[in-house]
Amino acid sequence: MKTNETAYFAGGCFWCITPVFRETEGVAEVISGYSGGEEAAPVYEDVKNQKTGHRETIRIDFDPSRVSFRELFNLFLCNVDPFDAGGQFIDRGFSYTLAVYYLSDEQKQTAEDRIRKLENTSGKKVCISLEPFRNFYTAEEYHQNYDLKNPEAFEKELIESGRKQS
């Protein structure tokens, strides 16, 4: 029996992309956090204000017999603007840019193939950084499952960010 695998996606605001993965069949857990920078134990205010080299990132633990990395990456692409190099929606700056922190050559190849296909079909440059996984720091507790803890504020965030039409 194969054990769970992990994927790390930086997709702009981690609040906004957590629910779609958490609700996906085969996903065991989604954790909000920070990844990619050199600073140990980053905090939200520093990441949000571009004072670190980290991006807001989600860690997805999944059962590969029920959902593949390829399927998760396709879901990621459907929930971000892959052509925006400056952030996502109203969230601007490096900490809100897109990245995949891959754990294996297979994850890297899957992402590269899908990005190349998207660029070929769209005629646009995809702005997703592919980087080997180095670190992940779990975000403060109030960020975990934010949508479930604060449904009204979350809905407002989705609308104000431009991710959802009112």
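Numbering starts at 1 and runs along the sequence shown. Since this is a predicted model, take the numbers as computed values, not measurements.
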Next item on the list: Return yes if a side-chain donor-acceptor contact under 3.5 Å exists between Gln50 and Ser95, otherwise no.
Entry: yes
Item checked: Thr97 vs Cys127 side-chain heavy atoms within contact, under 4.5 Å -> no
Checklist line | Candidate pair Tyr34 and Glu56, rule side chain to side chain donor-acceptor pair (under 3.5 Å), full reasoning | finding: CA-CA 5 Å; Tyr34 315 110; Glu56 287 194 16; over 6 Å; no
Check: Is Glu131 salt-bridged to Arg55, going by a charged N under 4.0 Å from an acidic O?
Finding: yes
Notebook entry, point to check: Under 3.5 Å, is there a donor-acceptor pair linking the side chains of Ser68 and Glu71?
Noted result: yes
Item checked: Side-chain touch Ile60/Glu29, heavy atoms, less than 4.5 angstrom -> no
Next item on the list: Please indicate whether Lys149 has more than 12 foreign heavy atoms, meaning atoms of other residues, nucleotides or ligands, lying under 6.0 Å from its NZ.
Entry: yes
Item checked: Residues Asp147 and Arg22 bridged, charged N to O under 4.0 Å -> yes
Next item on the list: Please report the shortest heavy-atom distance between Gly86 and Asp84, naming the atom on each side.
Entry: N-OD1, 2.9 Å
Notebook entry, point to check: Heavy atoms, side chains only, cut-off 4.5 Å: are Leu118 and Pro82 in contact?
Noted result: yes
Next item on the list: Check the pair Tyr96 / Val47 against side chain to side chain contact (heavy atoms under 4.5 Å, CB included), numbers first and verdict last.
Entry: CA-CA 9 Å; Tyr96 295 108; Val47 175; over 6 Å; no
Next item on the list: Can you tell me which residue pairs pass the side-chain hydrogen bond (donor to acceptor under 3.5 Å, both in side chains) test with a partner in residues 115-127, sequence neighbours excluded?
Entry: Asp113-Arg116
Check: Can you name the residues that form a salt bridge (Lys or Arg N to Asp or Glu O under 4.0 Å) with Glu160, not counting sequence neighbours?
Finding: Lys156
Notebook entry, point to check: Which heavy atom of Pro19 sits nearest a heavy atom of Phe154, and at what distance?
Noted result: CG-CZ, 3.7 Å
Margin query: Under 4.0 Å between a side-chain nitrogen and a carboxylate oxygen: does that hold for Asp61 and Arg59?
Written below: yes
Check: Does the separation of the ring centres of Phe69 and Phe76 fall below 6.0 angstrom?
Finding: no
Item checked: Non-neighbouring partners of Arg134 that pass salt bridge (Lys or Arg N to Asp or Glu O under 4.0 Å), sequence neighbours left out -> Glu38
Notebook entry, point to check: Quick one: are the ring centres of Tyr8 and Phe136 less than 6.0 Å apart?
Noted result: yes
Next item on the list: Walk me through it: do Thr18 and Ser32 pass the test side chain to side chain contact (heavy atoms under 4.5 Å, CB included)?
Entry: CA-CA 8 Å; Thr18 294; Ser32 295; 3.6 Å; yes
Margin query: Contact between Arg163 and Ile17 at the side-chain level, heavy atoms closer than 4.5 Å - yes or no?
Written below: yes
Check: Minimum heavy-atom separation for Ser35 to Thr57, with atom names?
Finding: CB-OG1, 3.4 Å
